[in-house]
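Notes to accompany the following structure.
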Amino acid sequence: MNPEFILQLVLLGCVVGFMAGLLGIGGGGIMVPVLTGLFLAQGVMIEQVVHLALGTSMASIIMTSLSSSLAHHKHRNINWFVVKGFSPGVVLGAFIMTFIAAKLSAIYLVTIFSLFMAYVAVQMFLNKKPRPSRTMPSNKGLFFAGSGIGGVSSLVSIGGGSLTVPYLLWHNIDIKRAIATSAAIGLPISIAGSLGYLANGYLLQVEMAQSAIPHAGLEYRLGFIYMPAVLLISVCSFFTAPLGAKLVHRLPVALLKKIFALLLFFLSVKMFYTLWSGLSF
């Protein structure tokens with residue numbers, strides 16, 4: 001790892017943590033496009049670069065989710081009944097979806113990611129919230145909802161907040177408790193997704209070795225997870241997230257959300273264009 005690459009990962013971790021604390025969002029929307037560009041510059045095969053960015057981003061979210069969950073638990077804002085009902089589904093959905101993601105080509109993955117981030121950007125820019133109209137379903141209903149949310153979250157490498165919070169609001173959960181509960185649900189999503197990307201990346205590496213396919217990539221990889229990036233991003237985001245949280249009442253958060261939404265849209269479009277122009281069909 002050269003010093004410039006280390007500095008880029010440190011800066012990425014600082015930005016992700018700060019934005020997570022300030023806006024209450026996960027960093028997958030920023031991490032995946034930025035990591036894709038950084039990994040390409042380090043010689044990662046273009047056919048694998050999106051998989052590696054998704055796995056690395058998912059593993060980096062673990063620390064953010066854990067820190068956020070502990071903070072919300074101290075304020076007793078987490079609905080643990082909902083977390084308990086969601087967890088089996090999100091773990092199953094997140095883990096299984098990594099096996100599907102591993103079989104998809106980079107262009108399909110980046111297309112899915114870009115379209116989903118466009119949806120998130122529009123939702124954030126317009127600040128649209130569903131009207132509460134239902135009560136919480138049974139554990140069976142939570143399991144199926146969790147499976148879908150976990151699967152989509154794993155496929156695009158997010159903690160699930162952009163899906164879980166609207167779902168909980170729709171079922172008459174207070175906004176503060178919805179955000180806190182979503183943060184707790186993000187932990188099993190990130191853990192299951194990380195394990196899935198680790199396992200699938202390892203299976204691919206074994207297959208490539210047996211087929212004598214040349215492997216171009218980074219050292220210190222565990223499957224589709226680049227551990228030095230996870231370490232640097234996690235440590236930096238851990239320290240900058242509280243800074244963002246302290247500035248919530250001092251900065252124009254509504255305006256910053258709109259700017260961040262435009263940034264998400266720009267990054268996803270740039271990522272899509274880079275891979276589309278570089279891949280051969």
Phe99 atom CZ, over 12 foreign heavy atoms within 6.0 Å: yes

More than 12 heavy atoms of other residues, nucleotides or ligands under 6.0 Å from CZ of Phe265: yes or no? no

For the student: nearest non-hydrogen atoms of [X] and [Y], plus distance:
| X | Y | value |
| --- | --- | --- |
| Val16 | Met31 | CG2-CG, 3.6 Å |
| Ile61 | Ser157 | CD1-O, 3.7 Å |
| Val83 | Ala184 | CG2-CB, 3.9 Å |

Taking only residues two or more places apart in sequence or in another chain, which ones pass side chain to side chain donor-acceptor pair (under 3.5 Å) with Ser190? none

Quick one: list whatever passes ring-ring contact (aromatic ring centres under 6.0 Å, His included) with Phe143, sequence neighbours left out.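 For Phe143, no residue satisfies ring-ring contact (aromatic ring centres under 6.0 Å, His included) once neighbours in sequence are set aside.
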
Which residues pass the ring-ring contact (aromatic ring centres under 6.0 Å, His included) test with Tyr197, sequence neighbours left out?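 Scan of Tyr197 (ring-ring contact (aromatic ring centres under 6.0 Å, His included), adjacent residues dropped) gives none.
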
Angle class for the Phe39/Phe5 ring planes (parallel below 30°, perpendicular above 60°, tilted otherwise)?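 Aromatic pair Phe39/Phe5 classed perpendicular.
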
Parallel, tilted or perpendicular, as decided by the 30° and 60° cut-offs, for the rings of Tyr167 and His171: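 Tilted: the ring planes of His171 and Tyr167 meet at 30° to 60°.
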
Is it possible for you to say whether [X] and [Y] belong to one hydrophobic cluster, with membership spreading through side-chain heavy-atom contacts below 4.5 Å?
| X | Y | value |
| --- | --- | --- |
| Met58 | Ile225 | no |
| Phe81 | Ile149 | yes |
| Phe224 | Leu109 | yes |

I'd like to know whether the aromatic ring centres of Tyr119 and Phe116 sit less than 6.0 Å apart in this structure. yes

Strictly distance-based, threshold 3.5 Å: is any side-chain N or O of Ser154 a donor or acceptor partner for the main-chain N or O of Gly151?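 No, the answer is negative, given that no donor and acceptor are paired below the 3.5 Å cut-off.
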
Test item: Thr181 side-chain N/O and Asn79 main-chain N/O as donor-acceptor pair under 3.5 Å: yes

What distance do Ile96 atom CD1 and Ser147 atom OG have between them, rounded to the nearest 0.5 Å? 8.0 Å

Distance in Å, Met136 CE paired with Ile173 CD1, rounded so as to fall on 0.5 Å steps: 5.0 Å

